[in-house]
Amino acid sequence: MSLLSNLARLSLLPTRSIHQTIPNASSVFMKRQKKIDPEVAKQREARRRKRLEKDIRQMQKHSKKPKPVDELTLDVKSAKNIEERRRPPTQLTLEEIDERAIALKDYSRSRLALQREDDKWIRGAIESQRKALAELKKLSPELYTSAVQPAANDLPLTIHGPSLTPPIKNYEAPDGDYIDTTRNWAS
């Protein structure tokens with residue numbers, strides 16, 4: 001307070017009393033801080049920093065792991081007798097290899113012939129249609145223009161599907177309870 005009073009005396013303006021509150025550190029309920037050696041404090045801080053860096057490295061290492069797929073995991077019972085489950089690779093004889101190659105070639109040939117027949121049929125139908133339209137254009141241009149116009153009801157279209165009605169309020173489903181077994185993976 002002596003410093004404040006000295007400053008107040010130096011000032012030429014009329015002084016106001018300055019009120020200063022006591023900090024909460026001196027509260028009855030607060031524990032008194034023990035004085036720690038600076039070297040010990042540095043060592044603690046270094047240990048804390050090392051531990052945090054290690055934790056960060058672990059988190060980064062595990063964050064790159066893909067989520068496990070249950071179908072690809074091997075249960076313990078199967079892992080114990082895995083050697084019994086292994087099959088030796090099949091050795092094909094030269095005759096079997098030749099038979100398979102011949103069968104594959106025959107299948108490819110039959111597919112190619114079928115595709116060529118389909119293409120030939122489609123091209124023939126398009127050519128017949130083009131010739132018929134050319135003849136119609138010569139005979140009657142009015143009929144030709146009406147024939148070329150797209151018809152509105154050429155194909156009868158019936159669609160069956162869910163209706164777009166809103167859900168019924170307070171409707172209780174007749175089925176049993178639904179138990180959500182979806183796993184939640186923390187990312």
Q: Which residue is it: Gln129, Glu127, Glu135? I am looking for the one with a side-chain contact (heavy atoms from CB on, under 4.5 Å) to Lys131.
A: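 It is Glu127; the other options fail the test.
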
Q: I need the Met59 CE to Asp55 CG distance, nearest 0.5 Å.
A: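 Spacing of CE (Met59) from CG (Asp55) equals 8.0 Å.
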
Q: To the nearest 0.5 Å, tell me how far Asp118 CG sits from Gln115 CD.
A: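 Going from the CG atom of Asp118 to the CD atom of Gln115 covers 8.0 Å.
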
Q: Between Asp119 and Arg116, is the closest basic N to carboxylate O distance under 4.0 Å?
A: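 Answer for the salt bridge query: no.
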
Q: For a 4.5 angstrom cut-off between non-hydrogen side-chain atoms, does Leu133 reach Lys137?
A: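 They are not in side-chain contact.
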
Q: Considering all heavy atoms of both residues, which atom of Glu96 and which atom of Gln91 are nearest to each other, and what is their separation?
A: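 Looks like OE1-O, 4.3 Å.
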
Q: So does Glu45 pair up with Arg48, basic N to acidic O under 4.0 Å?
A: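 A salt bridge is present here (some side-chain N lies under 4.0 Å from a carboxylate O).
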
Q: Can you find a pair of side-chain heavy atoms, one from Arg111 and one from Tyr107, that are under 4.5 Å apart?
A: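 Yes, side chains in contact.
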
Q: Tell me, yes or no, whether the heavy-atom count around Leu114 atom CG, taken from other residues, nucleotides or ligands under 6.0 Å, exceeds 12.
A: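 Buried by this count: over 12 neighbours within 6.0 Å.
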
Q: Could you grab the distance from atom CD of Glu99 to atom OG1 of Thr93, nearest 0.5 Å is fine?
A: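 Reported to 0.5 Å precision, the distance equals 7.5 Å.
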
Q: Rounded to the nearest 0.5 Å, what separation is found between the CG atom of Asn81 and the CD atom of Glu83?
A: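 The distance works out to 10.0 Å.
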
Q: With a 4.0 Å cut-off on N to O distance, would you call Lys50 and Glu53 a salt bridge?
A: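 Salt bridge between Lys50 and Glu53, a charged N being under 4.0 Å from a carboxylate O: no.
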
Q: Could you tell me the separation between the CD1 atom of Ile36 and the CD atom of Gln43, rounded to the nearest 0.5 Å?
A: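 Between Ile36 CD1 and Gln43 CD, I get 12.0 Å after rounding to 0.5 Å.
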
